[in-house]
Amino acid sequence: MRFALLSRLPQRRVLLWQELLSAALDGAPVLLGPPHDTPDPALREKVEVLFVADPPPGSFADWPSVRFVQGLWAGVDGLLADPSLPPEVPLARLKDPAFAGVMAEGVATHVLSLHRQLHRYRAQAALRIWQPLAQPQAAERPVGILGMGELGMAAAGVLASLGFPVMGWSRTGRPVPGVEIHTGEDGLAALLARSQILVNLLPLTDSTAGILDRARLARLPQGACLVNFGRGGHLVLPDLIEALDSGRLDHAVLDVFEPEPLPQESPLWEHGGVTILPHVAAVTDPRSAARIVAANAQRFLAGQEPDGLVRRDLGY
Ligand code: NAP
C-alpha cells in the first residue's frame, strides 16, 4: 500500500482518477484520503507517494511516511501555501504535453476571438448594428506571453503558426525558437509596450503576485486586450476595471480569479469589457495525466529523478 490520492474534487472524478492511477501503476491499490475515505492509520503509515489535486488544507500531516508528492495539476501555488506540506519531501507538478496542447488551443481561441473583434460584434449585434470594423492582419498584432514554460511555449508555437508576432517573458530568458524573449523588469516593460494582446501564463509566486497592476497595465498600447489564464492573484482587479473603464484596455478574458468561484457580488459579472470563464482554459485529462504521474512516481521509487520537480525557493 504505497500510494494514496488526496483531493476535494467531486467523488465521481476522484474515483475515476483512482481507477486510472491504479491501472497505470500495474494494478497497485491507491488509497483515498478524506473527504472521500478515512483509511486506517496502519495503512496510512505505509503510504510513500501522495497524488494530490486540491487536497483538504492540512492533510499532509496524516501521512507520516510520505517520501514523494505528485500534483495532478500544472500549478502548485495552492500546495505550497499549505503549511502541512513537509519542506523536505520532493514535490512534482504535472507536465503533460497533451495538457499543454489543450492550453495552447484555449489561448489561440481567445486571442483569435479578440483579434477578430468578436466581443465588439457581439456588442453591436445586441444593438442591431450592422457595421464592419477595420480589421488588422495577424502580422500587425503582436502578442506578448508572460511565462514561457510548458504552457507558454506551446501557446507561442500555435500563435506564431497563425501569423502573430510573438514575444515571451521568462525569468531565465531561455531561448524559444520563433519567439522574441524578454527578461527582467526592463524586458517586461518593453514587451508590454508592444503587446496588443497580452496573455498571462505565469505561475503564482511571491515574485509574480499582483504583477498585472495599474503601472504595468498602463504600459500596454491603447486599446490592448488581456487574456489571464495564469492565476487570479496575478491581476489587481480594481486596476483592471479602471483601465477598461477609461478605454485604455479594450477587453479582458479572465479564466482565473481570487477567490474562485467568482463571488456573486463581483462587479466583473456585469462589466461589458470582460469575458468570464470558470477556470476552464485547460482542464487536465485524467486519461493521459494518470499515466504520466504514475510513471513519474515509479521513477522516484526506482531512485531516479522525477520530472517536473518544483523548486521550493522559486515557488514553481
Ligand atoms: P512552468 O513550466 O513552470 O513555466 C513557468 C514560466 O514562468 C517559466 O517560463 C518561468 O521562467 C516563468 N516565470 C516564473 N517566475 C517568473 C518571474 N518571476 N519572472 C519572469 N518569468 C517567470 O509552468 P506552466 O506549466 O507553463 O504553467 C504556468 C501556470 O499556468 C501555472 O503555474 C498555473 O498558474 C497556470 N495554469 C492555469 C490553468 C488554467 O486552466 N487557467 C491551467 C494550468 C496552469 P523560466 O522559464 O525562466 O523558469
Side-chain angles (χ1 to χ4, degrees), residues 9 53-54 71-81 91-111 144-158 166-177 179-192 198-213 216 226-235 252-258 260-262 275-286 288-289 292-293 296 307-316:
L9 291 173
D54 191 20
L72 303 184
W73 293 339
V76 289
D77 43 294
L79 298 174
L80 293 177
L91 165 68
R93 65 197 191 83
L94 174 68
K95 281 178 75 174
D96 178 352
F99 178 71
V102 172
M103 177 58 92
E105 175 194 274
V107 170
T109 300
H110 293 281
V111 167
I145 303 180
L146 304 182
M148 271 287 119
E150 298 298 309
L151 306 183
M153 277 196 292
V158 174
V166 183
M167 298 168 286
W169 189 65
S170 70
R171 194 176 52 80
T172 56
R174 187 168 34 124
V176 178
V179 182
E180 184 186 304
I181 294 292
H182 295 264
T183 59
E185 198 57 48
D186 289 350
L188 178 58
L191 176 144
L192 292 175
L198 181 69
V199 178
N200 177 36
L201 278 172
L202 284 167
L204 185 65
T205 68
D206 291 347
S207 315
T208 64
I211 193 165
L212 294 172
D213 62 2
R216 304 283 184 8
L226 170 70
V227 177
N228 188 17
F229 282 179
R231 287 286 181 259
H234 288 130
L235 181 60
V253 178
L254 307 179
D255 183 57
V256 284
F257 302 89
E258 183 54 58
E260 293 181 6
L262 180 64
T275 297
I276 293 177
L277 302 171
H279 203 139
V280 289
V283 177
T284 308
D285 182 342
S288 65
I292 288 171
V293 295
N296 217 26
D307 201 19
L309 277 183
V310 173
R311 293 148 300 181
R312 303 279 188 107
D313 53 331
L314 297 173
Y316 73 100

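Just follow the structure's listing: the first ligand is 1, and inside any ligand the first atom is 1. Basis for what follows: all heavy atoms, side chains included, without hydrogens, waters or symmetry-related copies.
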Asks: Under a 3.5 Å distance rule, please check whether D255 uses its side chain to pair with a backbone N or O of F229 as donor and acceptor.
Replies: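 No.
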Asks: Determine the minimum heavy-atom distance between W169 and G184, stating which atoms define it.
Replies: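 Between these two residues, the closest heavy atoms are NE1-O, 2.9 Å.
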Asks: How close do L204 and D77 get, heavy atom to heavy atom, and via which atoms?
Replies: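 Smallest heavy-atom distance, with atoms named: O-CB, 3.6 Å.
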Asks: Can you measure from CG (D307) to CG (L94) and round to the nearest 0.5 angstrom?
Replies: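 The CG atom of D307 sits 9.5 Å away from the CG atom of L94.
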Asks: Kindly compute the distance separating CG (L146) from CG (L188), expressed to the nearest 0.5 Å.
Replies: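 Going from CG on L146 over to CG on L188, the span is 6.0 Å.
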Asks: Out of curiosity, is T205 lining ligand 1, as in a heavy atom under 4.0 Å away?
Replies: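 The answer is no: ligand 1 sits nowhere under 4.0 Å from a heavy atom of T205.
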Asks: I'd like to check whether E150 has a polar contact with ligand 1, where a contact means an N/O of the residue lying under 3.5 Å from an N/O of the ligand.
Replies: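 Yes: some nitrogen or oxygen of E150 is under 3.5 Å from one in ligand 1.
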Asks: For a quick check under 3.5 Å, do N200 and N228 share a side-chain donor-acceptor pair by atom type?
Replies: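 Note: N200 and N228 side chains meet the donor-acceptor criterion.
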Asks: Report yes if D77 has an N/O atom closer than 3.5 Å to an N/O atom of ligand 1; otherwise report no.
Replies: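 No; the residue has no nitrogen or oxygen that sits under 3.5 Å from a nitrogen or oxygen of the ligand.
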Asks: Please state which option from S207, S170, G149, G75 has its nearest heavy atom closest to atom 4 (O) of ligand 1.
Replies: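 Minimum heavy-atom distance to atom 4 (O) of ligand 1 goes to G149.
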Asks: Does an N or O anywhere in R171 fall below 3.5 Å from an N or O of ligand 1?
Replies: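 Yes.
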Asks: To the nearest 0.5 Å, what is the distance between CZ on R171 and CE on M148?
Replies: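 That separation rounds to 15.0 Å.
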Asks: Which protein heavy atom lies closest to atom 46 (O) of ligand 1, and at what distance to 0.1 Å?
Replies: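 I find the closest protein heavy atom is R174 NH2, 3.2 Å.
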Asks: Is T208 touching ligand 1 with its side chain, its backbone, both, or neither, if touching means heavy atoms under 4.0 Å apart?
Replies: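 T208 to ligand 1: side-chain contact only, backbone stays beyond 4.0 Å.
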Asks: Salt bridge or not between E185 and R216? Use side-chain N to carboxylate O under 4.0 Å.
Replies: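 A salt bridge is present here (some side-chain N lies under 4.0 Å from a carboxylate O).
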Asks: Which residue holds the protein heavy atom closest to atom 7 (O) of ligand 1, what is that atom called, and what is the gap in Å?
Replies: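 For atom 7 (O) of ligand 1, the nearest protein heavy atom is P203 CD, 3.3 Å.
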Asks: For the CG atom of L191 and the CG atom of L198, what is their distance to the nearest 0.5 Å?
Replies: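 L191 CG to L198 CG: 6.5 Å, rounded to 0.5 Å.
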Asks: Using a 4.0 Å cutoff against the non-hydrogen atoms of L202, which atoms of ligand 1 qualify?
Replies: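 Reading through ligand 1 atom by atom, the close ones are 7 (O), 12 (C), 13 (N), 21 (N), 22 (C), 29 (C), 34 (O).
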Asks: What atoms of ligand 1 come within less than 4.0 Å of a heavy atom belonging to L201?
Replies: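 Under 4.0 Å from L201, ligand 1 has these atoms: 28 (C), 29 (C).
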Asks: Where the side chain of W73 meets the backbone of V283, is there a donor-acceptor pair that is under 3.5 Å apart?
Replies: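 Such a contact is absent between W73 side chain and V283 backbone.
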Asks: Could you tell me which atoms of ligand 1, counted from 1 in the order shown, lie closer than 4.0 angstrom to a heavy atom of R93?
Replies: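 The atoms of ligand 1 under 4.0 Å from a heavy atom of R93 are 1 (P), 2 (O), 3 (O), 23 (O), 24 (P), 25 (O).
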Asks: Just need the protein heavy atom nearest to atom 19 (N) of ligand 1, so name the residue and atom and give the distance.
Replies: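 Scanning the protein heavy atoms, the shortest distance from atom 19 (N) of ligand 1 goes to W169 CH2, 3.3 Å.
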Asks: Which is closest to atom 33 (C) of ligand 1 by heavy-atom distance: H279, R231, K95, R311?
Replies: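 Among H279, R231, K95, R311, the closest heavy atom to atom 33 (C) of ligand 1 belongs to R231.
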Asks: Under 3.5 Å between some N or O of ligand 1 and some N or O of V280?
Replies: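 In this structure, V280 places no N or O atom under 3.5 Å from an N or O of ligand 1.
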Asks: Among all the protein's non-hydrogen atoms, which is closest to atom 37 (C) of ligand 1, and how far away is it?
Replies: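 Closest protein heavy atom to atom 37 (C) of ligand 1: F229 O, 3.0 Å.
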Asks: Got the closest protein heavy atom to atom 41 (N) of ligand 1, with its distance?
Replies: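 Scanning the protein heavy atoms, the shortest distance from atom 41 (N) of ligand 1 goes to D255 OD2, 2.8 Å.
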Asks: Atoms of ligand 1 less than 4.0 Å from G147 heavy atoms?
Replies: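 Here the atoms of ligand 1 in question are 6 (C), 7 (O), 9 (O).
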Asks: Please report the interatomic distance CG(L79) to CZ(R93), rounded to the nearest 0.5 Å.
Replies: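 So the gap between those two atoms works out to 12.0 Å.
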Asks: Give the numbers and elements of all ligand 1 atoms closer than 4.0 Å to a heavy atom of M103.
Replies: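 Listed by number with element, the hits are 37 (C), 38 (C), 39 (C), 42 (C).
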Asks: Output the distance between atom CG (L151) and atom CG (D96), rounded to the nearest 0.5 Å.
Replies: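 These two atoms lie 10.0 Å from each other.
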Asks: In the protein, which heavy atom is nearest to atom 15 (N) of ligand 1, and how far is it?
Replies: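 Looking only at protein heavy atoms, the one closest to atom 15 (N) of ligand 1 is Y316 CE2, 3.7 Å.
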Asks: Looking at P203, is its backbone amide N or carbonyl O close enough to the side chain of H234 to form a donor-acceptor pair, meaning the two atoms are under 3.5 Å apart?
Replies: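 Confirmed, H234 side chain pairs with P203 backbone.
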Asks: If you count the atoms of ligand 1 from 1 in the order shown, which ones are under 4.0 Å from a heavy atom of G230?
Replies: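 The list of qualifying atoms is 34 (O), 35 (C), 37 (C).
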Asks: Measure the distances from the heavy atoms of F99 to every atom of ligand 1 and state whether one is below 4.0 angstrom.
Replies: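 Contact check F99 vs ligand 1: positive.
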Asks: What pair of heavy atoms forms the shortest contact from V293 to G71, and how long is it?
Replies: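 What the structure gives for the nearest pair is CG1-O, 3.8 Å.
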Asks: Students should be able to answer this: which protein heavy-atom is nearest to atom 26 (O) of ligand 1, and at what distance?
Replies: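 Residue, atom and distance for the closest contact: L151 N, 2.9 Å.
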Asks: Taking 4.0 angstrom as the limit and counting only heavy atoms of V256, give me the atoms of ligand 1 inside it, by number and element.
Replies: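 Reading through ligand 1 atom by atom, the close ones are 41 (N).
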